Amino acid sequence: MWRLALRTLKFRRTSFVATFLAMFLGAAIVIGCGGLMETGVRMAAAPQRLREAPVVVTGEQTYDSSALTERHRIDAGLAGEVARADGVRAAVPDVSFPATVLKDGKPLTEKSASYGHGWASARLTPYTLAAGKTPVTGGEAVLDAGLARRAGARPGSPVDIVVQGTAHRFRVSGIAEQRGDHNPDAAVFFTDDRARALAGGRIDSVAVLPEPGTSAAAVADAVRAEIGDRAEVLTGERRGLAELPGTLSSRRTVVILSAVFGSSVVLIVMFGVASTLGLSLQQRAREMALLRAVGSTPKQLRRMILTETAVLSVASVLLALAPGYAIGRLLFKVLTSSGVVAPAITYHAGPLPMATGAAVTVLAAAGATRFAGRRAARTEPVAALAESTAGTRWFSLPRLLLALFFLANGIGLAIATATVMEDGPTLASTAGPASVLFCVGLALLAPGLTKAMVALLRPPVRALAGLSGQLALRNAATAHVRMAGAVAPIVLLIGIATGTLYMQSTENHVSRTSYDQNILADYVLDSTTGGFAPGVVATVRATPGVAAASEFVTSRGFVDRPGGPADADLRGVSAEGVRQSLDLPVAAGSLEDLRGDTVALSEKKAREYGVRVGDRLPLHLGDGTPLRPTVVALYTDNPKQQYLTLPAATLAPHTGDGLPHQILVRTAHGTGTEVHDRLAALAARVPGTELDDSSSLAGRNNQIQQILVSANYTIVAMIVGYAAITVVNTLVSVTRKRRAEFGLQRLTGATRAQVIGMLSVEGVLIGVVATVLGTLASATTIVPYSLVKSGSYLPSGSLGIYLAIVGGSLLLVFGATLLPSWRGMRSPAVETVKAA
């Protein structure tokens, strides 16, 4: 049986190459998505600045299983308790805060601040003195070699450094160089006491150095026993998370993204492999019938088909391992470049995603073999020979039940999107898969649906296409199963591409327009040195021509509810200028009361949380700090701006840098360009300040909304590309199988042009049927998503997107049918018939 299977593979190269490509590409894409999933679940980062410490103690980075978005700092006294644990040689407190070196009044590091630390932590990178001495007094600092070179500083020279929004004059006591090839952020070192004071008195982490001969695992256990649950103890590659506050918050995004697209890919791959292999077996029905006629038993045929499939599966999976790893790396690179994940996160693709890709491919092939080969193996020889000519049987109860299962689940997800899910980051996790499931359900019923739709198209085709149309209609009526095999992958392509691209265009439009309408400020001042000192906003308000100014801070936190904490977007503003800077129509209370521990929120959020003006709202801020602010105002709902609004002075200290990074400025009417010049002069006096118009703030928000776009498009491109290859495989295989049919038509009087015309009409029929079904499937994603996002049944976006998808699908259809047919008809018709 092995010999027969291998000889069959040898003489059926075209169909087996198509099946092999479907398996190979499917396994590679599944392995890539699996690697992305494993990376998100593990979420580890190799340490950079703390790499010499095998154990790191840092603040808990989660609250009630939800990841914190800001650094959770710990008490400085914890370092002493860590030092008392068994096996600890030294416990080194570490702090990190923006510390920007100036040269000629301008920051040396563009768009980001360098960071300040205590000198005791220098040995953790390690940094060593290349010149000068360690800092001894609070007015001394050590610069790393790169900063010193750009600043033109040397030991003993003065240097201006911006810390907490204010420029301070320090004396350079020494120059430090790091050993190794790691590349941490630019560093400035102060005395330990001064660094801790500049950081607000608390510390970020404690680096633990074990006694010689003591294992890191044993020391970590001892430290955990000493401090309990007051901090998190990290070892191995997870130590790097202590340097990346808020990184764990991206885990959810990565896991959801990989799960949604991974599950979609699995379904599509299983369908693609099954349909390609099923088509191959269907085309070999006559061969199977002849084998049955000469004495082969059904068991022998099943074994032969299973052996062929096993050979193809193993070969495709083995060859897909390396490309699958490369695809996963590509997806991860897209996520890091778009800001979804920190570049320091380590990409992981271990045995599990490899095994998953292999299992999906093998199971899909085995399932296709079972269902597609069962009839050929069981049918009696004479009946099998008759069926091989007709090839019209397709319906079965299991197929119907499976189709109904996918259709029901697709509709269920669409209903859940429209009625259950709220506008938020997980909305796409139900909207996206809806069209995939519906596409698979329609593809399973494609033979019956194709036959019915061709019957509806019969009158216009007869009226417009002449003889070629009549030939095409006759073929469609007698070989609707074959035509459905070409329709099904195109339905998948059109449905997924249309649903995903219009979902993204709707998100883009709603995000852009809602944010533009919400910002009333004319200008925005941006700090690139870690934030604005408290007195800057008052100086801005005192500028002639300025009607109002408000600090602006963004973060994420949690609202404590009986069922568990709910994620909440937070923004901090100044009570004196918020009404002129942001469009917040007040429904109750007053925004002027936003001072101290207070909060304002929309009427919808108030109903959701069960609070009114005067009530206290239990919160946890982005760094895990609990807060019970009093509700002082409710404003009218803007469904795309579901923020909780707090005083900037309350929210900013619990963000990474501890200060507001933006000031919104509203100018008085009729001030012209003079106020711009005054604000530009003020920005020049505050180091690291940039002046932009308000559209830049909307642009940055749009950029935040777009962080998943590139990743979204990349993964969709892979899915659509796989579907396109399945289309081409299917159509080329079908067309090659029909060469004898074309030869017989030419021998009976049909011209080459008439045969090409017949194929063109068939292509149009395939395109029309697939477009209708694919559009119907895409509606299960587009309609509910648009309803939630914009209140409209129609998506936002150009009609050109849809036309491009449909046009591209038609090009695939015509290219994969007409080109092989034209090449095949270059041979004499008699030879073509003989070759069959």
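Fair warning: this is a prediction, and the values are worked out from it, not measured in the lab.
Side chain of Y502 to backbone of Y802: a donor-acceptor contact under 3.5 angstrom is found. The main-chain N or O of R556 is found under 3.5 Å from a side-chain atom of T69 such that the two form a donor-acceptor pair. Remark: side-chain polar atoms of T781 are paired, donor with acceptor, to backbone N or O of A431 under 3.5 angstrom. In terms of modelled atom types and a separation under 3.5 Å, the side chain of T780 and the main chain of A414 share no donor-acceptor contact. The backbone N or O of Q48 lies less than 3.5 Å from a partner atom in the side chain of E243, making a donor-acceptor pair. Not a single donor-acceptor pair under 3.5 Å links the side chain of S790 to the backbone N or O of L787. In this structure a side-chain-to-backbone donor-acceptor pair under 3.5 Å is present from T336 to K333. Without hydrogens or angle criteria, R239 side chain to V56 main chain gives no donor-acceptor distance under 3.5 Å.
Taking the side chain as every heavy atom from C-beta outward, T39 and M43 never approach each other to under 4.5 Å. Side chains of L241 and T58 form no contact here, defined as non-hydrogen atoms less than 4.5 Å apart.
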ask   = Passes side chain to side chain contact (heavy atoms under 4.5 Å, CB included), L437 versus L413? Steps please.
value = CA-CA 9 Å; L437 293 170; L413 285 179; 3.6 Å; yes
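The distance from the CG atom of L492 to the OG atom of S809 is 11.0 Å, given to the nearest 0.5 Å. Considering CG of L25 and CD1 of I29, their distance stands at 6.0 Å, rounded to 0.5 Å. Taking CD of E38 as the reference point, atom OH of Y347 lies at 8.0 Å (rounded to 0.5 Å).
Taking Y63 as the reference, D560, H620 meet the side chain to side chain donor-acceptor pair (under 3.5 Å) condition, with sequence neighbours excluded. Under the salt bridge (charged side-chain N to carboxylate O under 4.0 Å, His left out) criterion, E60 pairs with no residue, sequence neighbours left out.
Pairing each heavy atom of V487 with each of L773, the nearest pair is CG1-CD1, 4.4 Å.
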